[in-house]
Structure formats: structure tokens, C-alpha cells
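What follows is a set of notes on a single structure, which appears directly below.
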Amino acid sequence: MTRNALKLTIDRQSGVPLYKQIKEILIKELQAAAGETGRPFSTEHELVERFRVSRAPVRQALKELANEGYVYRERAKGTFPVQEMPVRPPGLELGGLVGFLRDQGMDCKSKILSVDWVLPTENLCEILRIEPDDNVLRISRLIMLKGKPLVWAQTYLLVPEDFQPGKRELEEAESVFVLLEREQGILISRGDHQIYASGASQMVAEVLDIEDRDPVLITETKLYTRNDRLIGWRKAVHIADDYKLSFSVNR
């Protein structure tokens, strides 16, 4: 956080809850300090002293900032602004990563590598509970951050064969889910994730421009419509050193 940033303060006469005011002030300061990396964000104690409030509204503000991807926390180190390393918040909508990173002021682009109809592998047949001769739409997308590969995602969808999105159309829409809802009236409303670490295969290494067996973070997602119909599956491979997934658990 820049030392020269204008120090905004809360309005105790306002009907807006204190934690929301603190959160909005901190968002403005984070945006003003874009580009500064490596230094911790203000500590909880510093914010309590600054705003002259109890810890409760400060903790709530920091929790929401972390959930929405503005900051991330490291035990025993502190809270850091999201700058160089993307932090995926738990509430991010399906297909919303590119838009989210752009909203954070990051130079993020999406490149469609291929769009084609394929016969499913044995593994995909088992996942989607389909027959080997059932055609599925496969979309291969590479997400770039500052001109370098970040995520390679392959999405397989059980959709009508008259759904024929082009590469340019998919890149402009940022997500195939947007086009599917707009053109076919099919809303993908839920994704069930499995996340695990692995070593990059030769193909993954070539696409992501990393070394063979370099660490990667893999997310496999079953995709469901709002009437709970399994309609697709996606495998996204992230470069482990450049990506963090942020989430909270409750007792």
C-alpha cells in the first residue's frame, strides 16, 4: 500500500455499515496502489487504529476483500494485495476468470486453440455417462496473463450439434457458457470441482510453455444445468507458481 495514498476515512453518521465503508475505502486504495508488489497490506491492528473501530468490522472487511479476490492471506506473513499472482475467489462464477482478472486491472487475454466435435474417451464416457459414439463439443482455451500462459482449459459439452460457435465469437464472449445460454437457452448453473496437484505432461508442458513434469494445479469440473442435468466436463491446468485458489471454511 503506497504511503502517499490519500487516507480516506469512515462516516459515522452514515447508514452504511462500518465494515462496508472500510472495505470500499480499502478497495479504492488498492486500486490506486496498482503495480506495487511484495509488501504486506495494512495489518488488522493498523486498521483498527486508523479507523478507531473494534476488530469486528475490520475483520469482516478483510474477509470480504479476500473472498472477492482483492487480497490474499499467508499465515505468519500477513495480508497481501493481489497484483502479480492471480488469486481465484471462492464465489467466482463459472467461466468468469478472464473477466475477473481484467476487473482487477490485469492484462489478461483468452485464446481459443480449437473448437471441434469429437468422440469421447473411455474416461469421458464414464464421467458423463454417455456412449462411445456420442459426439461431444470440445473447446480448448488458453488464458494468458501479461502475454504468458496461465491456464489451459478443455471443455467437453453435450449440446445440440447446431451449436457451432467460432473461435472469434468465443474469444469475444470470454465464456462458452454465455453463448450457450444466449443461443440455446441452456443455463449451466453449477460446477462440482475436484482440485489436485500433478506434474505437467509433455503436451501440457508444450501448451503452457513450461518444463515436462513441472508442478501444475488441475481443476476438473462436472457441469450441471439448473435442472441438475449433467451436461459437460472441464479440465483446467494452471501453472502452479502463478496461481492461487482462495477459499474459506466454516465450523
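For the single chain, residues carry numbers from 1 onward in sequence order. Only this structure's heavy atoms are used, side chains among them; waters, hydrogens and symmetry mates stay out. Treat the numbers as computed from the prediction; the structure is a model and nothing was measured.
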Take W152 and M203 through the test side-chain contact (heavy atoms from CB on, under 4.5 Å) and record every step on the way to the result. CA-CA 11 Å; W152 178 30; M203 180 179 294; 3.8 Å; yes
Just do the side-chain contact (heavy atoms from CB on, under 4.5 Å) check on D209 and K148 with the steps written out, would you? CA-CA 8 Å; D209 193 24; K148 296 181 179 180; over 6 Å; no
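- Linking ILVMFWY residues whenever their side-chain heavy atoms come closer than 4.5 Å, directly or via other members, leaves L187 and L179 in distinct clusters.
- In this structure, E172 pairs ionically with R168, as a charged nitrogen and a carboxylate oxygen lie closer than 4.0 Å.
- Side-chain contact check for I139 versus R234: every heavy-atom pair is 4.5 Å or farther apart.
- Separation of atoms CD (E131) and CG (L119) is listed at 12.0 Å; rounding is to 0.5 Å.
- Judged purely by distance below 3.5 Å, without hydrogens or angles, the side chains of N123 and T121 never pair a donor atom with an acceptor atom.
- The backbone N or O of F163 sits nowhere less than 3.5 Å from a side-chain atom of E183 that would complete a donor-acceptor pair.
- To the nearest 0.5 angstrom, L62 atom CG is 5.5 Å from L47 atom CG.
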Dump the intermediate steps for side-chain contact (heavy atoms from CB on, under 4.5 Å) on L223 and T155, then the final yes or no. CA-CA 10 Å; L223 303 166; T155 304; 4.1 Å; yes
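- Residues R141 and S110 have side chains that bring a donor and an acceptor to within less than 3.5 angstrom of each other.
- Of all non-hydrogen atoms in L8 and R50, the two that sit nearest each other are O-NH2, 2.7 Å.
- Shortest non-hydrogen contact noted between V136 and I130 is CG1-CD1, 3.8 Å.
- In this structure, I10 and R12 have side chains that are in contact, with non-hydrogen atoms separated by less than 4.5 Å.
- Of all heavy-atom pairs spanning I239 and I210, the tightest one is CD1-CG2, 3.9 Å.
- Taking all atoms of both residues into account, the shortest heavy-atom contact from S189 to R226 is OG-CA, 3.1 Å.
- Here the side chains of E64 and Y19 are in contact, with some heavy-atom distance below 4.5 Å.
- When side chains are defined from C-beta on, V58 does not count as touching L18, because their heavy atoms never get closer than 4.5 Å.
- Of all non-hydrogen atoms in P160 and I186, the two that sit nearest each other are CD-CD1, 4.1 Å.
- T225 pairs in a side-chain contact (heavy atoms from CB on, under 4.5 Å) with only one of the listed residues (L180, L230, I231), which is I231.
- Between the side chain of E44 and the backbone N or O of R55 there is no donor-acceptor pair closer than 3.5 Å.
- K23 NZ to Q60 CD: the interatomic distance, rounded to the nearest 0.5 Å, is 8.5 Å.
- Counting heavy atoms from C-beta outward, V115 and V176 have side chains that stay 4.5 Å or more apart.
- A continuous path of ILVMFWY side-chain contacts below 4.5 Å connects I22 to V48, so both sit in one hydrophobic cluster.
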Steps toward side-chain contact (heavy atoms from CB on, under 4.5 Å) verdict (I27, E24): CA-CA 5 Å; I27 288 175; E24 291 305 314; 4.1 Å; yes
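- Here CD of Q154 is found 7.0 Å from OG of S114. Values are rounded to the nearest 0.5 Å.
- Q194 contributes atom CD, which lies 9.0 Å from atom OG1 of T221 (distance to the nearest 0.5 angstrom).
- Taken together through direct or relayed side-chain contacts under 4.5 Å among Ile, Leu, Val, Met, Phe, Trp and Tyr, V216 and Y196 form part of one hydrophobic cluster.
- Cluster annotation: Y224 is connected to L124 through the hydrophobic network of ILVMFWY side chains, with a link wherever side-chain heavy atoms come within less than 4.5 Å.
- Residues I112 and F177 are members of one and the same hydrophobic cluster, defined by side-chain heavy-atom contacts under 4.5 angstrom among Ile, Leu, Val, Met, Phe, Trp and Tyr.
- Side-chain contact between V237 and S198 is absent, with no heavy atoms from C-beta onward closer than 4.5 Å.
- With salt bridges taken as basic N to acidic carboxylate O contacts below 4.0 Å, none links K146 and D107.
- Between Y156 and K235, the closest side-chain pair of non-hydrogen atoms is not below 4.5 Å.
- Closest non-hydrogen pair, V159 versus W117, comes out as O-CH2, 3.3 Å.
- Interatomic distance, K63 NZ to L65 CG, rounded to the nearest 0.5 Å: 12.5 Å.
- Residues V207 and L113 form a side-chain contact, since some pair of their non-hydrogen atoms from C-beta on lies under 4.5 Å apart.
- With hydrogens and angles ignored, the 3.5 Å screen pairs no side-chain donor or acceptor of Q202 with any backbone N or O of D212.
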